[in-house]
Amino acid sequence: MRLGRDFFARDVLRVAPDLLGKVLVRRFEDGRELKLAITEVEAYRGVGDQACHARFGKTGRNKVMWERAGLVYVYLIYGMYWMLNLVTGKEGEPQAVLIRGLKGVVPKSIEGSRWDGPGKVGKLLELDKSFYGEDVTTSCRLWVEEDNVKEDFFHIMVMERVGVEYAGEWARKKWRWKMKVQN
DNA sequence: TCGACGATTGCC
DNA sequence: GCAATCGTCGAG
């Protein structure tokens with residue numbers, strides 16, 4: 001069952017860890033469908049968070065963060081990787097969850113395979129600028145479903161965020177959650 | 001308008 | 001250790 005607006009419209013510090021084990025579904029134009037468990041996430045929270053793109057206020061790139069929860073915030077980094085974020089929280093409060101890792105569920109050919117790193121996630125899902133503002137509560141090509149990998153749920157590592165050293169004390173917030181590798 | 005640089009990755 | 005690669009954003 002697809003997650004709706006209410007799931008995403010909570011504080012990012014609750015939504016982010018809750019996304020672990022949920023299943024991200026990507027349906028391509030040719031009908032192919034990939035289902036992947038979310039295995040790693042990071043939270044970015046408001047204008048005060050010095051690691052968050054919203055720290056300088058609303059800009060052309062980040063403006064979707066101020067819109068309703070459940071919208072997609074994608075942006076190009078290093079000229080080659082599309083980073084997938086899901087907007088959370090109350091409308092008008094810029095928050096988002098960065099999807100940093102996935103594990104294959106369906107089809108069988110990808111079951112158990114891992115994509116660790118946000119750049120690899122974007123590449124696998126074939127994201128591009130057209131996903132900016134996509135609504136995962138209604139989209140026919142990208143959405144999130146209730147978890148079906150509950151056994152992993154209780155093995156979660158809480159860590160500092162990656163690649164945000166410029167953010168000073170905010171870089172040390174443990175706002176990154178990762179499912180511990182099984183077996 | 002300009003130039004520095006990034007929520008990264010993979011190769012040397 | 002560092003290049004790739006380009007849209008974005010703060011500065012001027």
Side-chain angles (χ1 to χ4, degrees), chain A residues 7-8 10-22 24 26 34 36-90 92-104 110 112-136 142 144 156-181:
Chain A
F7 178 89
F8 298 101
R10 298 174 293 142
D11 192 279
V12 69
L13 297 183
R14 290 196 176 276
V15 177
D18 276 1
L19 277 171
L20 292 179
K22 296 290 189 291
L24 186 67
R26 170 75 166 101
L34 295 181
L36 303 122
I38 296 172
T39 57
E40 185 178 345
V41 295
E42 270 179 4
Y44 288 89
R45 188 169 185 267
V47 294
D49 177 2
Q50 292 302 297
C52 182
H53 284 171
R55 66 189 181 281
F56 295 127
K58 198 181 290 190
T59 67
R61 180 177 67 166
N62 68 18
K63 61 182 187 293
V64 74
M65 294 183 79
W66 276 261
E67 295 186 40
R68 64 192 186 284
L71 298 193
V72 170
Y73 169 37
V74 287
Y75 66 91
L76 185 65
I77 189 74
Y78 296 108
M80 53 190 114
Y81 303 110
W82 287 96
M83 310 293 271
L84 173 61
N85 297 259
L86 301 176
V87 175
T88 70
K90 296 176 185 172
E93 291 182 7
Q95 303 185 340
V97 178
L98 171 66
I99 307 299
R100 296 186 54 89
L102 299 172
K103 186 175 76 173
I110 66 163
S113 300
R114 284 179 170 270
W115 285 265
D116 293 319
K120 295 175 192 172
V121 167
K123 185 179 178 192
L124 170 72
L125 301 176
E126 297 179 27
L127 301 180
D128 58 42
K129 193 170 190 172
S130 75
F131 282 83
Y132 190 87
E134 186 93 356
D135 188 342
V136 299
L142 187 67
V144 187
I156 296 174
M157 294 184 286
V158 185
M159 314 152 81
E160 293 180 0
R161 292 177 291 183
V162 177
V164 294
E165 304 315 314
Y166 57 80
E169 61 176 298
W170 292 87
R172 293 188 285 282
K173 296 279 186 190
K174 297 198 171 179
W175 287 356
R176 173 183 173 211
W177 293 266
K178 184 173 185 174
M179 283 167 100
K180 202 169 176 181
V181 178

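All heavy atoms count here, side chains included; hydrogens, waters and symmetry mates do not. The sequence lines fix the lettering, A, B, ..., with proteins before strands; numbering per chain opens at 1. These numbers come from a predicted model, not from an experiment.
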Note, [X] side chain near [Y] side chain (heavy atom, < 4.5 Å):
| X | Y | value |
| --- | --- | --- |
| A:Lys22 | A:Phe7 | yes |
| A:Glu160 | A:Lys174 | yes |
| A:Asp18 | A:Trp177 | no |
| A:Glu42 | A:Pro118 | no |

Report task. Check DNA chain C against residues 71-88 of chain A and give the residues with a non-hydrogen atom under 4.0 Å, in numerical order. Result -> A:Leu76, A:Tyr78, A:Gly79, A:Met80
Check for a donor-acceptor pair, side chain of [X] on one end and backbone N or O of [Y] on the other, with a separation under 3.5 Å.
| X | Y | result |
| --- | --- | --- |
| A:Ser113 | A:Gly104 | no |
| A:Arg45 | A:Cys52 | no |
| A:Arg176 | A:Glu40 | no |
| A:Tyr132 | A:Val64 | yes |

Report task. Please tell me which of A:Lys120 and A:Ala96 maps to the more 5' nucleotide of DNA chain B, matching each residue to the nucleotide holding its nearest heavy atom. Result -> A:Ala96
Report summary line: The side chain to side chain contact (heavy atoms under 4.5 Å, CB included) partner of A:Ile99 among A:Asn85, A:Val72, A:Leu36, A:Val121 is A:Val121
Query raised in the report: Taking the same atom, P, in B:dA4 and in C:dA3, what whole-Å distance lies between them?
Result: 15 Å
Requested in this report: Taking atom C1' in both C:dC2 and B:dC5, compute the distance separating them and give it to the nearest angstrom.
Outcome: 15 Å
Query raised in the report: First contact, last contact: which nucleotides of DNA chain C are these for chain A, 5' to 3', heavy-atom distance under 4.0 Å?
Result: C:dA4 to C:dG10
Report task. Salt-bridge test for A:Lys173 and A:Asp49: reply yes if a basic N is under 4.0 Å from a carboxylate O, no otherwise. Result -> no
Requested in this report: Mind checking A:Arg61 for me? I need base, sugar-phosphate or nothing, with any heavy atom below 4.0 Å counting as a touch.
Outcome: sugar-phosphate
Query raised in the report: Is the phosphate of B:dT8, meaning OP1 or OP2, less than 4.0 Å from a side-chain N or O of A:Arg100?
Result: yes
Query raised in the report: Can you give the dot-bracket line for DNA chain B, using ( ) for pairs inside the strand, [ ] for pairs that cross earlier ones, | for pairs with another strand and . for unpaired bases, where Watson-Crick and G-U count if both distances are under 3.5 Å?
Result: ||||||.||||.
Requested in this report: Round to a whole Å and report the spacing from CD of A:Glu165 to P of B:dC5.
Outcome: 16 Å
Query - Nearest-Å distance for atom pair OH/P, residues A:Tyr44 and B:dG6 - result: 13 Å
Query raised in the report: How close do A:Ile38 and A:Met179 get, heavy atom to heavy atom, and via which atoms?
Result: O-SD, 3.3 Å
